[in-house]
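Working notes, structure below.
Just so we're on the same page: letters track the sequence lines, and every chain starts at 1.
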Number of protein chains: 2
Amino acid sequence: MPVGTVKYYLREGLLPAGTPTSATQAQYGEEHVERLALIRVLVGTGGLTVAAARAALQMIDAPAPSIHEVIGTAHQAIGPEVTAEPEALDRARSLVEAQGWQVACDSPALAQLAAALDACDAVGIPGMERLVGRYAAVAEQLAAFDVAAVPTTSPADAVRFVVAGTVLLEPLLLALRRLAQQDASFRRFEGPDVTPG
Amino acid sequence: MPVGTVKYYLREGLLPAGTPTSATQAQYGEEHVERLALIRVLVGTGGLTVAAARAALQMIDAPAPSIHEVIGTAHQAIGPEVTAEPEALDRARSLVEAQGWQVACDSPALAQLAAALDACDAVGIPGMERLVGRYAAVAEQLAAFDVAAVPTTSPADAVRFVVAGTVLLEPLLLALRRLAQQDASFRRFEGPDVTPG
DNA sequence: TGACATTGGATAGTGTCACCGTCCAATATT
DNA sequence: AATATTGGACGGTGACACTATCCAATGTCA
């Protein structure tokens, strides 16, 4: 990892300064190395901006007492900032309500859902209602795994898991979906029989 | 939509030029408006770069005969370019094999999966094996919906659906997962009883 | 002890990306 | 004929994640 990048992360407050031993020297420990790995992963694989990564790391440094709160704050810090029309938000809210989900009515994920629905409408994806229902059912399964996997050993562990998991399992999920799509399309369109010709 | 942006898309080859009626005039039709909406959605909500969007649109303009091929090419065009170590790639491949999935052995989604797995390792997410297996099962469900929903009315419709669906259903899925997480964490951590205190 | 390399800190520069502003000449419009 | 609009070319802008340069102070080694 380039030195300049480390300095940049120090400057941006992602990486805490070492304990200074003199005017031009500071001591860094194992914790700093782990922190750097976490930053690289959040910014690199997770695709977070450094601002979002800073917010995420601050949550890890100062864990909120309630894990439910942590998840909400993590979503706030991590998710892309999306603005949606009020009526689109209402649609998203009613969809969530139809699923029987309890979510904060000002959650940024609602705006993200609203924007995604609007986008699908704009290009006219056929059979969206059915698809959304099934996606919601699947999302519920995923969330059950995620939340069940949150360690209860200590608040710090829980926060770290929530932040890292929320960010890192997204690319994992998308990659798996793509691979599964390739398999499914192979089964459906290439089939067991060779393409005639 | 600002005029400058439209000009930019024209310059970048995302939007085909209108039929010129004179040296300083050109005719645009409904198709161009639809195209603009598609572009906005791909680069806005879908988060594609203009280069990726151009590749995606080129697929729509010149549909490959086989839909399976289209999906592969779409993943190539749309997905982030990720490089992974050979051993990480092998791990991803063996995971895919364990699922019984048939995928092209050079699919970019494999590199994405490998990178995601490496990232999870780097920060030490506990219980990854179980989680990955469950995520894979869920991804299989999703892919089944997706592929079953591909219209067979015409190759053009199919390609359009695949490209738009691949891109747009990702933010939808992520938003739904976040909302479902909030609900699940509410149920687990806030519970039916009010926090004592 | 003295030459040299390294470090921390500050500052400014780089490359990329999506987009926006400006200009000009040619054409519509009134 | 006067004015407005358009297409096209070109350069500028702001955000972002770095990256290079400089300097003074310190560490290291002969």
Under 3.5 Å: donor-acceptor pair, side chain of B:Arg188, backbone of A:Val147: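 Side chain of B:Arg188 to backbone of A:Val147: a pair is present.
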Short side-chain to backbone donor-acceptor contact, A:Arg177 and B:Thr166, under 3.5 Å: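 Present.
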Phosphate contact (D:dC18 OP1 or OP2) by A:Tyr9 side-chain N/O below 4.0 Å: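 A:Tyr9 to D:dC18 OP1/OP2: side-chain N or O found under 4.0 Å.
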Residue-phosphate contact under 4.0 Å: B:Thr5 side-chain N/O, C:dA18 OP1/OP2: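 False: B:Thr5 side-chain N/O out of range (4.0 Å or more) of C:dA18 OP1/OP2.
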Whole-Å gap separating [atom2] ([N]) and [atom1] ([X]):
| X | N | atom1 | atom2 | value |
| --- | --- | --- | --- | --- |
| A:Glu12 | C:dG9 | CD | P | 15 Å |
| A:Met1 | D:dA17 | CE | C1' | 13 Å |
| A:Arg11 | C:dT11 | CZ | C1' | 9 Å |

Lys/Arg N to Asp/Glu carboxylate O, A:Asp90 vs A:Arg93, below 4.0 Å: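 Judged by the 4.0 Å cut-off on N to carboxylate O distance, A:Asp90 and A:Arg93 do form a salt bridge.
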Sugar-phosphate, base or nothing in reach of A:Pro20, heavy atoms under 4.0 Å: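 No contact at all - A:Pro20 keeps every heavy atom at 4.0 Å or more from the nucleic acid.
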Residue [X], side-chain atoms from C-beta onward, closest of [options]:
| X | options | answer |
| --- | --- | --- |
| A:Thr24 | D:dA24, C:dC19, C:dT11 | D:dA24 |
| A:Tyr8 | D:dT26, D:dT19, D:dG11 | D:dT19 |
| B:Ala23 | C:dT27, D:dA17, D:dG27 | C:dT27 |

A:Leu172 side, atom CG; B:Ile125 side, atom CD1 - distance, nearest 0.5 Å: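 That separation rounds to 8.5 Å.
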From A:Gln76 atom CD to A:Asp106 atom CG, the distance as rounded to the nearest 0.5 Å: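 Reported value, rounded in 0.5 Å steps: 7.0 Å.
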Residue B:Glu85 excluded, over 12 heavy atoms near CD under 6.0 Å: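 No, the 6.0 Å shell around CD holds no more than 12 heavy atoms from other groups.
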Contact nearer the 5' end of DNA chain D, comparing B:Lys7 with A:Lys7: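 Between the two, 5'-proximity favours B:Lys7.
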Strand-adjacent residues in residues 25-55 of chain B, judged by heavy atoms under 4.0 Å from DNA chain D: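 Here the set is B:Gln25, B:Ala26, B:Tyr28.
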B:Gly4 vs A:Ala17, nearer the 5' end of DNA chain C by closest nucleotide: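 Comparing both residues, the 5'-ward one is A:Ala17.
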Evaluation steps, side-chain contact (heavy atoms from CB on, under 4.5 Å), between A:Arg35 and A:Leu57: CA-CA 9 Å; A:Arg35 180 71 162 226; A:Leu57 292 166; 3.4 Å; yes
